[in-house]
Undergrad: 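Here it is: the structure, laid out below.
As a basis for the values below, the full set of heavy atoms in this structure was taken, side chains included, without hydrogen atoms, waters or symmetry mates. In listed order, ligands and their atoms are each counted from 1. In this chain, numbering begins with 1 at the start of the sequence shown.
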Amino acid sequence: MLKVENITFTYNVKSTDAPVLNTIDFTVNKGEHISIIGESGSGKSTLLKLIYGEYDLNEGQIFWKDKEILGPKYNLVVGYDFMKYVAQEFDLMPFITVEENIGKHLSNFFPEEKKERVQELLTVVELQDFVKTKVKTLSGGQKQRVALARALAKQPEIILLDEPFSHIDNFQKQSLRRSVFAYLKEKNITCLVATHDREDVLGYADRMLVLHDSKIIANNSPQELYRHPELPLIASFFGEVNVLDNVIVFAHQLKSTDSSDLKAIVLRSYFKGHYYLIEADYQGAIIRFEHPTALEKNREVFLEEIKRQ
Ligand code: ADP
Ligand code: MG
C-alpha cells in the first residue's frame, strides 16, 4: 500500500517560493485506481515525481508497503523495480524498434516467452501491427502507447501515469483507455493517473484526489463528489455548473417548463450532439441549461430544477 504522509515540497528556484505541494496526506490501497486532478500548474506532475523519488521532500515521508521512497540525496539511482512511471514527456529510444523498446528490460533467457509478452503488451496498447517499426517513425500517440507498454513490461506493483492519453487522438482514446485500465485492474496493479481530462477518470477511478492551491481539497469517489461537490471547481469536472443562491446546480438539472420563478432570456444555443447547451440571462447573470433543441435569441424561458440522481 502507498502512504503519502504530510509531504511538503518547494522547487526552491527562489528562496521565497511558496510550496508547490503543502502537507499532502493520503493512502492508496493495493490495486486501487486513483485519479489526481487539478488545473494546469496545480502540482499533479510534481506529486507523481515525488512518489517516484525524483526529488527530495522538504517535509513528510512516502512509503510503499514498509519501504520508504527516498529522493536523490539518499538514493543515487532514481526508481524502484516495483514502481513504474510514465512521464508526460516520455523518452524512448528512437533508433530501435517498438519490440526492442518494450522488451528492453525483459530477460533474453527465454526468447519465446519474451516475444509472447511483448505481443501481449502490444495488444493492451492496441499497437499489434508495429512490432518491427522503428520508434522514430511513429506518431506522438503511438510513442505514448509504446511508453505505456514498456512501463507494464515487468509487471510493476504500482504505476504512475502522467496524462497517459494526452497525445492520442479522440478516435482511439476510448478504446485504449478501456484496454489499459482493464489490464491494470485485472493484474491488481495500483495506479495513480494525473489528468485534467474527465474521460480519463469517470468509469475508471475508484477515487479522485483534487489538488488546488497546493493542497488536497477533495479525496473521495467520483460518485460521492458528483452527488455532493463542495465547490464549483469540483462540480465543473462533471459538467457545466451554475451557482444559484450558493447552491451548485448542473446545466443538465435545469429544464424548461411552462412557468416558474426562474425566468431567463435566451442569449445563445450551442450544439452539443444529443442536446443543446443554452446560455441565458437570469437577473443580469449567465445561467446555463440543457435543452433538446436550439432556442431563439431573446426568447423567454422558465426553468425548473430537477434533482440530481
Ligand atoms: P501540473 O502537472 O498540475 O500541471 P506541475 O506539477 O507540472 O503541475 O507544476 C506545479 C508548479 O510547479 C507550477 O507552478 C510549475 O510552474 C512549477 N514547476 C514544475 N516543474 C518545475 C521545475 N522543474 N522547476 C521549477 N518549478 C517547476
Ligand atoms: Mg503535469
Undergrad: Any nitrogen or oxygen of Gly41, side chain or backbone, less than 3.5 Å from one on ligand 1?
TA: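 By distance alone, the answer is yes.
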
Undergrad: Is there a path of hydrophobic side-chain contacts, each under 4.5 Å between heavy atoms of I, L, V, M, F, W or Y residues, that connects Tyr55 with Leu57?
TA: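 Looking at the clustering, Leu57 is in the same group as Tyr55.
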
Undergrad: Quick one: does Gly38 get within less than 4.0 Å of ligand 1, heavy atoms only?
TA: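 No, Gly38 has no heavy atom closer than 4.0 Å to ligand 1.
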
Undergrad: So which atom in Gln119 and which in Thr123 form the shortest heavy-atom distance, rounded to 0.1 Å?
TA: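 Here Gln119 and Thr123 meet closest at O-OG1, 2.8 Å.
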
Undergrad: Quick one: which ligand 1 atoms are inside 4.0 Å of a heavy atom on Val20?
TA: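 Near Val20, meaning under 4.0 Å from one of its heavy atoms, ligand 1 has 10 (C), 11 (C), 12 (O).
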
Undergrad: List every atom of ligand 1 that sits less than 4.0 Å from any heavy atom of Glu39, numbering the atoms from 1 in the order shown and giving each element.
TA: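 So the atoms of ligand 1 that pass are 3 (O).
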
Undergrad: Among Thr46, Asp162, Leu50, whose heavy atom sits nearest atom 9 (O) of ligand 1?
TA: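 Checking each option, the heavy atom nearest atom 9 (O) of ligand 1 is found in Thr46.
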
Undergrad: Restricting to distances shorter than 2.8 Å, give the number of protein N, O or S atoms close to the Mg ion (ligand 2).
TA: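 Considering protein N, O and S only, the Mg ion (ligand 2) has 2 within range.
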
Undergrad: Indicate the atoms forming the closest heavy-atom contact of Arg308 with Tyr226, along with that distance.
TA: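 Heavy-atom minimum between the residues: NH1-O, 3.1 Å.
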
Undergrad: Any ring-ring contact (aromatic ring centres under 6.0 Å, His included) pairs touching residues 128-164, not counting sequence neighbours?
TA: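 Listed by first then second residue: nothing to list.
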
Undergrad: Linking I/L/V/M/F/W/Y whenever their side-chain heavy atoms sit closer than 4.5 Å, directly or via other members, would Val210 and Ile24 fall into one cluster?
TA: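 Looking at the clustering, Ile24 is in a separate group from Val210.
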
Undergrad: Which heavy atom of Tyr282 sits nearest a heavy atom of Lys263, and at what distance?
TA: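 In this case the closest contact between Tyr282 and Lys263 is CD1-O, 3.4 Å.
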
Undergrad: Do Tyr85 and Glu54 have side chains that approach each other closer than 4.5 Å (heavy atoms only, starting at C-beta)?
TA: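 With C-beta onward as the side chain, the pair touches.
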
